[in-house]
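Heads up, the thing below is written out as structure tokens.
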Amino acid sequence: MFVCLGNICRSPMAELVFCDMLKKAGRESEFVVQSSATSDENVWNGVGSPVYPPICKLLQAKGISCVGKRAQVLTKAHGEEFDLLICMDDSNVRNARRIVGEINAHKCVKLLSFAGESGNVADPWSTRDFEMAYADIKRGLDGLLKQL
């Protein structure tokens with residue numbers, strides 16, 4: 001489970017890119033991959049917002065579709081269901097740990113830790129630099145796939 005604040009930029013990008021990587025590696029049947037938000041701000045009456053349009057544009061240019069992906073909120077049950085809750089930044093880690101509870105808090109890790117880095121994935125919502133966020137995410141995903 002990839003996790004960010006709103007599940008419309010970074011975490012869906014990580015989910016969709018990782019699914020594409022797994023497919024290309026012939027390993028898509030080995031994993032259940034989703035993404036979620038630590039906030040409910042992009043989910044109304046049980047319906048999540050679609051992926052932020054600039055993210056879709058960037059991913060479409062790389063041959064990856066966003067069709068059908070909608071925001072969802074991280075739940076305590078996700079902590080039981082998923083082996084890893086891969087967060088985009090320190091704040092996401094704190095909030096994810098609070099949501100899933102102490103028993104599953106150890107599953108909450110930052111994506112860039114898989115690239116041997118301690119930093120956060122740049123947030124394109126505030127930076128407006130979607131390519132930088134993609135580059136950060138791709139580095140983390142490359143490391144994650146090698147580790148798996």
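Counting from 1, the numbers follow the sequence of the chain as shown.
When the side chains of ILVMFWY residues are joined at heavy-atom separations under 4.5 Å, either directly or via intervening members, Leu141 and Leu148 end up in a single hydrophobic cluster. In the hydrophobic clustering of this structure, Phe31 groups with Leu111; members are Ile, Leu, Val, Met, Phe, Trp, Tyr whose side-chain heavy atoms approach within less than 4.5 Å, directly or through other members. Cluster membership check: Leu84 shares its hydrophobic cluster with Leu16, using side-chain heavy-atom separations under 4.5 Å among Ile, Leu, Val, Met, Phe, Trp and Tyr.
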For residues 116-125, dump all side-chain donor-acceptor pairs below 3.5 Å to protein atoms at least two apart in sequence or in another chain.
{"residue": "Glu117", "atom": "OE1", "partner": "Arg139", "partner atom": "NH2", "Å": "3.0"}
{"residue": "Glu117", "atom": "OE2", "partner": "Arg139", "partner atom": "NE", "Å": "2.8"}
{"residue": "Asn120", "atom": "OD1", "partner": "Asp90", "partner atom": "N", "Å": "3.0"}
{"residue": "Asn120", "atom": "OD1", "partner": "Lys110", "partner atom": "NZ", "Å": "3.2"}
{"residue": "Asp123", "atom": "OD1", "partner": "Trp125", "partner atom": "N", "Å": "3.0"}

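Partners of Ser49 by side chain to side chain donor-acceptor pair (under 3.5 Å), not counting sequence neighbours: none found.
The salt bridge (charged side-chain N to carboxylate O under 4.0 Å, His left out) contacts involving residues 28-37 comprise Arg27-Glu30, where partners must be two or more places apart or lie in separate chains. Applying the salt bridge (charged side-chain N to carboxylate O under 4.0 Å, His left out) test to every pair with at least one member in residues 62-74, sequence neighbours left out, gives these pairs: Glu15-Lys69.
Residues Ala96 and Cys87 come closest through the heavy atom pair CB-SG, 3.9 Å. Scanning all heavy atoms of the two residues, the minimum distance from Ala14 to Met88 falls at CB-CE, 4.0 Å. Smallest separation of non-hydrogen atoms from Asn92 and Leu5: ND2-N, 3.4 Å. Of all heavy-atom pairs between Ser35 and Ser11, the closest is CB-O, 3.4 Å.
Within the 4.5 Å cutoff, the side chain of Pro12 has heavy atoms near those of the Asn7 side chain. The shortest distance between side-chain heavy atoms of Leu145 and Phe114 does not fall below 4.5 Å. Residues His78 and Gln72 have side chains in contact (heavy-atom distance under 4.5 Å, counting atoms from C-beta outward). With a 4.5 Å cut-off on side-chain heavy atoms, Met21 and Lys138 count as touching. Counting heavy atoms from C-beta on, the side chains of Val51 and Ile8 never come closer than 4.5 Å. Proximity of Phe2 to Ile137: side-chain heavy atoms (C-beta onward) are nowhere separated by under 4.5 Å.
Distance CG/Leu112 to CG/Leu144: 11.5 Å, rounded to 0.5 Å.
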Apply side chain to side chain contact (heavy atoms under 4.5 Å, CB included) to the pair Val33 and Leu22, showing each step before the final yes or no. CA-CA 10 Å; Val33 181; Leu22 290 171; 3.8 Å; yes

Test side chain to side chain contact (heavy atoms under 4.5 Å, CB included) on Tyr134 and Val17 and set out the steps. CA-CA 9 Å; Tyr134 176 83; Val17 171; 3.8 Å; yes

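Here Trp44 sits alone; no ILVMFWY side chain lies under 4.5 Å from its own, so it joins no hydrophobic cluster. Annotation for Val32: hydrophobic cluster partners, listed by chain and number, are Met1, Val3, Leu74, Phe82, Leu85, Ile99, Val100 (ILVMFWY side-chain heavy atoms under 4.5 Å, direct or chained).
One finds a salt bridge joining Arg10 and Asp89 here, because a Lys/Arg side-chain nitrogen approaches an Asp/Glu carboxylate oxygen to under 4.0 Å. Comment: Asp142 does not engage Lys146 in a salt bridge, judged by the lack of any side-chain N to carboxylate O separation of less than 4.0 angstrom.
Classification of the Tyr52-Phe130 ring pair by plane angle, with boundaries at 30° and 60°, yields tilted.
With hydrogens and angles disregarded, a donor-acceptor distance shorter than 3.5 Å links the side chain of Asn95 to the backbone of Ser91.
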